[in-house]
Chemist: 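One structure, as structure tokens, below. Some questions next.
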2 protein chains.
Amino acid sequence: MATIRDVAKLADVSVSTVSLALSNPGRVSQKTLERIREAVQTVGYVVDPLAQSLARGRSRMIGFVVGNVGNPFFGDIRRELENYAIEHDHFVLITDSSGKPERERALVEHLSGLKVAGLALAPSGHGQAYVDFVQNIKMPTVCFDQKVAGIDRDFVGSDNRLAGAMLTEHLLQLGHRRIAFIAGPKHMHTASERLRGFMETMGSAGVEVNPNFIVDGQFTRSAGYEAAMRLLVQPERPTAIIGANNAVALAALQAMQELGFNCPDDISLAMIDDVQWSSVITPRITMVIQDTLKLGGIIARRILHRIMSPEGAADPAQDFVLSPKFVPGNSCKKL
Amino acid sequence: MATIRDVAKLADVSVSTVSLALSNPGRVSQKTLERIREAVQTVGYVVDPLAQSLARGRSRMIGFVVGNVGNPFFGDIRRELENYAIEHDHFVLITDSSGKPERERALVEHLSGLKVAGLALAPSGHGQAYVDFVQNIKMPTVCFDQKVAGIDRDFVGSDNRLAGAMLTEHLLQLGHRRIAFIAGPKHMHTASERLRGFMETMGSAGVEVNPNFIVDGQFTRSAGYEAAMRLLVQPERPTAIIGANNAVALAALQAMQELGFNCPDDISLAMIDDVQWSSVITPRITMVIQDTLKLGGIIARRILHRIMSPEGAADPAQDFVLSPKFVPGNSCKKL
DNA sequence: GTTTGATATCGAACCGGTTCGATTATGACG
DNA sequence: CGTCATAATCGAACCGGTTCGATATCAAAC
């Protein structure tokens with residue numbers, strides 16, 4: 001590998017001049033600039049990112065930290081971020097915390113050691129210690145998906161209360177009254193907001209909510225399955241179920257199928273967030289989806305803004321909240 | 001951040017002794033080792049991975065390069081690799097080439113600049129130029145999933161011929177004769193082997209294959225959809241379809257549903273590789289799956305073997321080929 | 001023909017470690 | 001107690017860049 005000294009020797013200038021020419025071509029005379037560029041070509045010089053990061057105290061990499069890189073929701077966002085980052089000569093380091101706050105913390109520390117220029121973080125924790133941790137991250141950071149109270153960082157996400165409300169309103173319109181809700185972890189903002197959207201909409205419609213119809217699915221397939229089973233074996237069954245996310249909703253569908261219930265004839269189903277093969281799942285589930293591409297675009301632009309411009313670095317934290325979209329399927333029956 | 005010099009000062013030894021003590025505790029006296037360890041504690045010293053990599057010419061990171069990190073197949077492998085790597089104090093850099101050889105190349109070069117200790121690579125290209133590229137990678141590399149002729153590297157994958165043969169045999173047993181096959185890109189080893197398994201099994205059973213029943217689905221959803229449509233509008237339709245991967249098979253299912261065919265009553269369907277929510281897709285599709293956990297384990301062990309031991313680095317390239325597993329669903333009808 | 005100011009270039013220190021040959025301390029042995 | 005092998009420690013060079021204060025160059029201004 002050719003080093004900067006090889007270039008300097010060939011172009012007959014000092015090492016510092018080469019460095020200057022490469023990072024700030026304007027501050028070097030036209031003649032030497034050309035000589036240097038020629039030398040770079042002939043020796044095939046490429047800057048060593050490690051050495052550069054060490055000297056600068058910052059790399060050209062952006063850390064991407066999520067709970068599950070396999071989730072298509074995060075996949076779309078990642079792709080947007082990657083494309084935008086490449087355009088601006090940055091590189092995205094993808095990491096997966098498996099949803100565990102300790103692992104997330106270890107990842108962030110590792111990325112910090114790598115001197116990443118910035119961080120796109122989908123928070124997976126809560127509580128004061130967690131808030132302190134995120135607050136103390138030294139690099140430019142954009143949080144997304146999960147809004148955590150007390151964290152004063154840029155946030156990009158969707159209106160989850162609205163998402164819950166949309167599905168509830170839809171089912172109410174179809175004549176449903178006994179609507180059950182498989183919720184997510186109470187401490188997660190997305191989960192509590194979606195539930196709030198459900199409760200508020202039911203409330204303003206003057207429909208009483210059977211407390212047995214609110215079950216906890218933990219946003220996971222297994223807990224969602226159990227929660228759905230609890231709903232389905234009640235003497236007074238719901239006529240419709242809302243899954244607070246895709247995992248619990250599909251787990252509910254599975255539970256229905258196993259117990260011999262037909263969806264939507266026996267029970268209607270609706271969910272928040274898409275899954276990859278939703279179009280071949282029978283029935284096609286009515287859902288509310290997030291605009292992942294737009295979310296990803298905003299995250300990308302925001303973080304690179306913070307990284308690249310001095311005024312961006314000083315910008316106060318800002319929230320970007322997008323409205324989700326209703327996508328009708330055929331999993332909800334008119335009563 | 002505390003540096004190694006702070007530690008040296010506090011422990012009253014030279015910087016080189018600290019470095020030695022940390023990387024090779026046995027070569028330092030008990031007394032000084034303790035003093036150094038104490039100093040490390042009190043100043044809170046953590047080695048700077050960037051500086052270390054620069055000096056050593058190698059980092060403690062392993063590059064993971066695949067065409068689609070969202071694919072659960074790669075996800076399982078990634079997780080296994082990550083867990084094993086963490087146990088051995090290494091860190092996995094996940095990257096996504098979107099299946100584009102040029103992007104893959106750029107990623108590998110980037111990782112090479114980062115001086116990664118090793119590479120787990122799911123090849124996405126073919127042809128001489130591509131082979132040369134992979135051959136010229138300087139770091140320890142384990143290829144997986146896609147076997148590319150001419151690449152002399154460790155390879156970990158499944159017996160794809162067998163996978164194709166298993167599904168074909170199953171359908172023959174059920175009495176099917178007019179079996180169609182939605183194939184993948186001819187240049188991909190997995191695709192051609194799966195097709196070969198189909199052809200050979202049909203051949204040995206003495207069943208003639210209608211050339212119109214072999215269509216190209218490119219392993220993608222959209223091409224698979226079109227290919228399936230071509231099959232379904234023929235006057236003489238197949239009684240069963242094998243999808244060479246999950247994407248084309250599910251696309252075929254979608255096409256059937258849209259045209260009003262019932263699976264399995266009208267047409268049977270089988271596929272290679274699982275998808276995330278296969279259990280809620282109706283019908284549950286009969287499939288042959290790869291043992292992703294075992295594959296991931298082998299990849300992880302192999303690459304860390306190469307990285308960590310001098311004799312491992314010198315090991316000749318080796319192939320590890322696992323047998324896939326048959327998972328019956330209810331998408332194939334007895335004729 | 002100086003002085004002044006801007007522009008171009010350079011040298012040296014630094015980022016934070018590793019490595020290896022040289023030097024010193026230790027202790028076993030005759 | 002001197003000798004010598006071995007163990008412990010050190011200093012300096014190096015990895016490949018960046019950065020900043022200092023110096024050299026040159027033209028315009030007085």
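Labels below follow one simple rule: chain letters A, B, ... track the order of the sequence lines, proteins then strands, and each chain is numbered from 1.
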Chemist: In whole angstrom, give the distance that lies between atom CG of Leu22(B) and atom P of dG16(C).
Modeler: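 The answer, rounded to whole Å, is 16 Å.
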Chemist: Consider the side chain of Ser29(A), meaning its heavy atoms from C-beta on, and name the nucleotide among dT19(C), dC10(C), dA8(C) that approaches it most closely.
Modeler: dA8(C)
Chemist: In whole angstrom, what separates Leu20(A)'s CG from dT9(C)'s C1'?
Modeler: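 So the CG-C1' distance, Leu20(A) to dT9(C), works out to 9 Å.
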Chemist: Specify the residue among Lys115(B) and Arg35(B) whose closest nucleotide of DNA chain D lies further upstream toward the 5′ end.
Modeler: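 Counting from the 5' end, the first nearest nucleotide belongs to Arg35(B).
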Chemist: Ser29(A) vs Thr32(A), test: side-chain hydrogen bond (donor to acceptor under 3.5 Å, both in side chains). Steps then yes/no.
Modeler: CA-CA 6 Å; Ser29(A) 80; Thr32(A) 48; 2.8 Å; yes
Chemist: For Leu50(B) and dC14(D), what is the distance between atoms CG and P respectively, to the nearest whole Å?
Modeler: 22 Å
Chemist: Looking for any heavy atom pair under 4.0 Å, which part of the strands does Ser53(A) touch: base, sugar-phosphate only, or nothing?
Modeler: nothing
Chemist: What about Ser16(A), does its side chain sit under 3.5 Å from the base of dG11(C) through a donor-acceptor pair?
Modeler: yes
Chemist: Please classify the nucleic acid contact of Ser19(B) as base, sugar-phosphate, or nothing, using heavy-atom distances under 4.0 Å.
Modeler: base
Chemist: Once you apply a heavy-atom cut-off of 4.0 Å, does Val15(B) come out as touching a base, just sugar-phosphate, or nothing?
Modeler: base
Chemist: Tell me: CG of Asn24(B) to P of dG17(C), nearest whole Å?
Modeler: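 Whole-Å distance recorded here is 18 Å.
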Chemist: Return yes if a side-chain donor-acceptor contact under 3.5 Å exists between Glu87(A) and Asn83(A), otherwise no.
Modeler: no
Chemist: Between dG16(C), dC10(D), dT9(C), which one does the side chain of Arg5(B) approach most closely?
Modeler: dG16(C)
Chemist: Suppose we call a contact any N or O donor and acceptor under 3.5 Å apart; does that hold for the side chain of Ser14(A) and the base of dG11(C)?
Modeler: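 No.
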Chemist: Rounded to whole angstroms, how far apart are CG on Asp6(A) and C1' on dC15(D)?
Modeler: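 Rounded to the whole Å, the gap is 13 Å.
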Chemist: Could you give the CZ-to-P distance, from Arg27(A) to dG21(D), as a whole number of Å?
Modeler: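 Atom CZ in Arg27(A) sits about 12 Å away from atom P in dG21(D).
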Chemist: Which nucleotide wins on minimum distance to the side chain of Ala51(A), given the candidates dT9(C), dG17(D), dG17(C)?
Modeler: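 Side chain of Ala51(A) sits closest to dG17(D).
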Chemist: Among dT18(C), dG17(D), dT9(C), find the nucleotide with the atom closest to the side chain of Arg56(B).
Modeler: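 Of all the options, the side chain of Arg56(B) is nearest to dT18(C).
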Chemist: Lys9(B) NZ to dT9(D) C1': how many Å, rounded?
Modeler: 19 Å
Chemist: So which nucleotide from dA12(D), dT9(C), dG17(C) ends up closest to the side chain of Val47(B)?
Modeler: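 Output: dG17(C).
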Chemist: What does Val46(B) touch in the nucleic acid at a heavy-atom separation under 4.0 angstrom: a base, only the sugar-phosphate, or nothing?
Modeler: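 The residue Val46(B) makes sugar-phosphate contact but no base contact.
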Chemist: Report which part of the nucleic acid Val18(A) touches: base, sugar-phosphate, or nothing (heavy-atom distance under 4.0 Å, all strands).
Modeler: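 Answer is nothing: Val18(A) stays at 4.0 Å or more from every strand.
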Chemist: Check this one for me: any side-chain N or O of Thr32(A) less than 4.0 Å away from OP1 or OP2 of dT9(C)?
Modeler: yes
Chemist: For Gln52(B) and Asp12(A), take the nucleotide of DNA chain C holding the closest heavy atom to each; which residue's nucleotide lies nearer the 5' end?
Modeler: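 In this pair, the answer is Asp12(A).
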Chemist: Looking only at the side chain of Leu54(B) (C-beta and beyond, no hydrogens), which of the listed nucleotides dC15(D), dC10(D), dT18(C) gets closest?
Modeler: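 Of the candidates, dC15(D) comes closest.
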Chemist: Taking the side chain as everything from C-beta on, heavy atoms only, tell me whether Ile307(A) gets closer than 4.5 Å to Arg58(A).
Modeler: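 Of all side-chain heavy-atom pairs linking Arg58(A) with Ile307(A), at least one is under 4.5 Å.
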Chemist: For Arg58(B) and dT19(C), what is the distance between atoms CZ and P respectively, to the nearest whole Å?
Modeler: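 After rounding, the reported distance stands at 11 Å.
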Chemist: Considering the options Glu104(B), His187(B), Gln135(B), which one meets the side-chain hydrogen bond (donor to acceptor under 3.5 Å, both in side chains) requirement together with Tyr130(B)?
Modeler: Glu104(B)
Chemist: Among the candidates dC10(C), dT18(D), dG17(C), find the nucleotide nearest to the side-chain atoms of Asp48(B).
Modeler: dG17(C)
Chemist: Closest approach to the side chain of Tyr45(B), judged atom by atom: which nucleotide of dG17(C), dT9(D), dG11(C) is it?
Modeler: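 Comparing dG17(C), dT9(D), dG11(C) against the side chain of Tyr45(B), the answer is dG17(C).
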Chemist: With Val108(B), which of Leu119(B), Thr95(B), Asn136(B) fulfils side chain to side chain contact (heavy atoms under 4.5 Å, CB included)?
Modeler: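 Result: among Leu119(B), Thr95(B), Asn136(B), Leu119(B) is the only option passing the side chain to side chain contact (heavy atoms under 4.5 Å, CB included) with Val108(B).
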Chemist: Does Ala106(B) have any side-chain contact (heavy atoms from CB on, under 4.5 Å) partners at least two apart in sequence or in another chain, and if so, which?
Modeler: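 Applying side-chain contact (heavy atoms from CB on, under 4.5 Å) to Ala106(B) gives none.
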